[in-house]
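Quick note: numbers below take in every heavy atom, side chains included, and nothing from hydrogens, waters or symmetry partners. Atoms within each ligand, like the ligands themselves, are counted from 1 in listed order. Here the structure is a predicted model, which is why all the values come from computation and not from measurement.
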Amino acid sequence: MDKIRIRGGKALHGTLPISGAKNAALPLMAASLLTDQTLTLVNLPHLADITTLANLLSQHGVAMHMNGHASNGGHTGRVVELTAKEIISTTAPYDLVRKMRASVLVLGPLLARCGQAKVSLPGGCAIGTRPVDLHIQGLEQLGAEIELQEGYMVARAPKGLTGTRILFPKVSVGATENLLMAATLAKGETILANAAREPEVSDLAHCLVAMGARIEGIGTDTLRVQGVPSLHAATHEVIADRIETGTYAMAAAITGGDIELLGGRMEDLTAMVAVLRKAGASIKPTENGFRVSRTDAELKGVDVMTEPFPGFPTDLQAQMMSLMCAANGAAMITETIFENRFMHVPELTRMGADITVHGASALVRGVPRLTGAPVMATDLRASVSLVLAGLFADGETVLNRVYHLDRGYEHLEAKLAGCGADVERIKGEE
Ligand code: UD1
C-alpha cells in the first residue's frame, strides 16, 4: 500500500488548480440512469470513488466513453459520456455498494425509470451509523413499495411514481438527491421541503433541468418538481470541489503561505471564509478563483460548529482541527452532522496536539509546534487533516493507508509540491 511522506515546516506559495467536485460528480453520474440518451459530464475528477461508481453503473448497463481532457480557467478534468440505452440489471450488489455509500444514489433513478430496483444496504461506515431511512421513506411517499430482504432494499413501483409533498425530518444531501432524481420522472408535482441546499444538490438540479426536468427553487430548501415522461441528452460541467478548495485554503493558512486556488468558488465556502478570516488569514477574490494568505498575521483560535449548507461543512471539520492545533489560543470544534467523526484526534495527539473531546465537541488548545510522526488515516477527511498537520510539523510525517486520500483528492502530492511542499508518495506493494 502507498504511503505519503511529508517533511514539514515550509510555507506554501503559488497557484493550485481545483478539480471537479467528487460529491457533485457522483449523483450526476447516477442521473445518467434516468434517460436512454447520452449525458456528457465535463470536468469529472479522476478519483477512486468515481471509478467505484463507474463500475456499478456499467453493470446496470451504462456505456461510458472517455473523451480526453477539458481545460477551463486553469483546472482540468475529464469529459465522460454516459449512455444508459438499456438498463440490463436493476440490482446493485453488495460487493459494489459496500465500497462506497454514495452507491445508494442509483436507487431513485432505477426505480423511476424501470419501476423496480434492488439495492444493497450500504452497511456500517467509519464515521457513524449513517442510515438510509430518509431515502426509503421519501420513495415510499412517492408510491414505491420497499421491503428489506437479506440486506437489500427491494423497491417496486409497477405503476410508476406519483408526486407528493415530502418534508424531510432532517436535512440529508443524499436523500434530497435521490428523491430529486426520482421526482423528475414521477407523475405530477413533487415538493421536497427541508431539502439540502448544498451546492452539489444545486449542481445536480441544474444538470437535470438541462436534461429536460422541470425544477423550481434550486438553491433553496424547497424544491418543486413537475414530473415529465422522459429526460434527454445534455452536457454539464461539474462544479469545482469546495471541500478540496477549503482543504488547500487551510494548507496556506497553517503553513503561513500564500496560495491562489484556481477555479475555487468563494460563494460555496462563505462560512469557512469567515472563519479563516477571523483566524487571521487574508482571503481575496481573483480573476480565476481566490487567494488565501497568512504571511505575517498570527493564527488565532476560532470556535466552529458544523452545520448543513450554508453552515460550516462537516467535511472540513478535521482539517479545521489541524489548523486550530497550530493557533495561538484555544478553539472549540463541535460536530453536529455525524457521530464518531473525531477519529483524527488520537493521531493528531501523537504529533503533539493538545485536544480534549467532550461528546460532540473537541477543545483544541493551540501548540507552538507539532512534530512529525508515522500516522494512520481512518477516513477520507481525517487523512487529509493529517497531511495538513504534517505540512506544519517539524520533521517527517509518514501517512499510511493513503487509499482513503485517493478516494477524494486528485493529484494531492503534485498539487502541494507545486506550491513548494516537500511531499512525496512512496509506492508500496499491492
Ligand atoms: C453527503 C456527502 C458527505 C458529507 C455529507 C454531509 C456525498 C457523496 N457525500 O453524505 O461527504 O459529509 O453529505 O454534508 O455527497 N441521515 C439519516 N438518514 C438518512 C440519511 C442521512 O439519518 O436516510 C443522517 C446521517 O446519518 C447524518 C445526516 O443525516 O447524520 C446527514 O447525512 P447526509 O446529508 O445524508 O450525508 P450523505 O448524503 O451520506
Side-chain angles (χ1 to χ4, degrees), residues 20-31 45 47-50 52-53 56 97 99-108 119 121-141 146 148 153 155 166-182 192 194-205 221 238-239 241-247 268-269 271-272 305-320 334-343 360 379-385 404-405 407-409:
K22 168 179 88 73
N23 286 354
L26 295 171
L28 288 167
M29 290 169 71
L47 298 168
D49 273 9
I50 299 294
T52 301
L53 186 62
L56 179 62
V97 174
K99 288 192 183 154
M100 187 183 62
R101 189 188 148 75
S103 309
V104 77
L105 289 170
V106 301
L107 178 61
V119 177
L121 285 162
C125 162
I127 57 171
T129 47
R130 300 182 82 174
V132 285
D133 54 324
L134 301 175
H135 301 242
I136 294 175
Q137 283 162 22
L139 290 168
E140 283 176 341
Q141 284 177 267
I146 304 183
L148 299 183
M153 296 176 273
I166 295 167
L167 170 63
F168 292 106
K170 183 173 187 177
V171 179
S172 162
V173 174
T176 302
E177 291 167 344
N178 232 337
L179 269 292
L180 181 62
M181 288 189 278
L192 301 177
N194 197 26
R197 287 185 282 164
E198 268 66 3
E200 295 78 18
V201 175
S202 301
D203 200 36
L204 172 66
D221 66 358
V238 182
I239 50 167
D241 195 315
R242 66 192 166 102
I243 306 302
E244 188 196 26
T245 308
T247 301
D268 290 347
L269 284 161
M272 185 210 73
M305 184 184 286
T306 62
E307 282 168 319
F309 189 83
F312 192 94
T314 173
D315 285 351
L316 285 173
Q317 180 260 110
Q319 299 89 314
M320 186 65 198
T334 305
E335 172 60 56
T336 71
I337 311 290
F338 292 112
E339 67 209 71
N340 202 11
R341 206 175 194 181
F342 284 145
M343 281 169 318
D379 70 55
L380 172 56
R381 307 304 170 186
S383 16
V384 88
S385 77
H404 286 296
L405 268 185
R407 285 188 43 215
Y409 288 88

Quick one: does ligand 1 sit under 4.0 Å from the side chain of Arg341, the backbone, both or neither, non-hydrogen atoms only? side chain

Counting only heavy atoms closer than 4.0 Å, does ligand 1 sit against the backbone of Lys170, its side chain, both, or neither? side chain

Spacing of CD1 belonging to Ile146 relative to CG belonging to Leu139, to within rounding of 0.5 Å: 5.0 Å

Ligand 1 atoms nearer than 4.0 angstrom to some heavy atom of Gly174 are 35 (O), 38 (O)

Separation between OG1 (Thr314) and CE (Met320), nearest 0.5 Å, reads 13.5 Å

With a 3.5 Å distance limit and no angle check, can you tell me whether Glu177 reaches the backbone of Pro27 through a side-chain donor-acceptor pair? no

Tell me which part of Asp315 gets within contact of ligand 1: side chain, backbone, both or neither, using heavy atoms under 4.0 Å. side chain

For ligand 1 and Glu177, I'd like to know whether there is a polar contact (N/O to N/O, distance under 3.5 Å). no

What I want to find out is whether Arg407 reaches Asp49 closely enough, with some N-O distance under 4.0 Å, to be called a salt bridge. yes

Backbone or side chain, does any N or O of Ser172 fall under 3.5 Å from an N or O of ligand 1? yes

Among Leu53, Asn23, Leu134, Thr314, which residue places a heavy atom closest to atom 14 (O) of ligand 1? Thr314

Within the distance-only criterion (no hydrogens, no angle test), does the side chain of Thr306 pair as donor or acceptor with the backbone N or O of Pro313 below 3.5 angstrom? no

Give the numbers and elements of all ligand 1 atoms closer than 4.0 Å to a heavy atom of Ile337. 27 (C), 30 (O), 31 (C)

Can you find an N/O atom of Phe338 closer than 3.5 Å to an N/O atom of ligand 1? no

Does ligand 1 have any atom sitting under 4.0 Å from a heavy atom of Glu335? no

So, are Lys170 and Asp133 salt-bridged, with charged N and O less than 4.0 Å apart? no

Do the side chains of Lys22 and Glu200 get close enough for a salt bridge, i.e. N-O under 4.0 angstrom? no

Is there a heavy atom in Ala175 that sits closer than 4.0 Å to ligand 1? no

Ile243 and ligand 1 - part of the residue with a heavy-atom distance under 4.0 Å: neither

Taking all heavy atoms of Gln319 and all of Thr247, pick out the closest pair and write down the distance. NE2-OG1, 3.1 Å

For ligand 1, is there an N or O atom under 3.5 Å from any N or O atom of Pro131? yes

Donor-acceptor pair, Asp203 side chain versus Ala24 backbone, under 3.5 Å? no

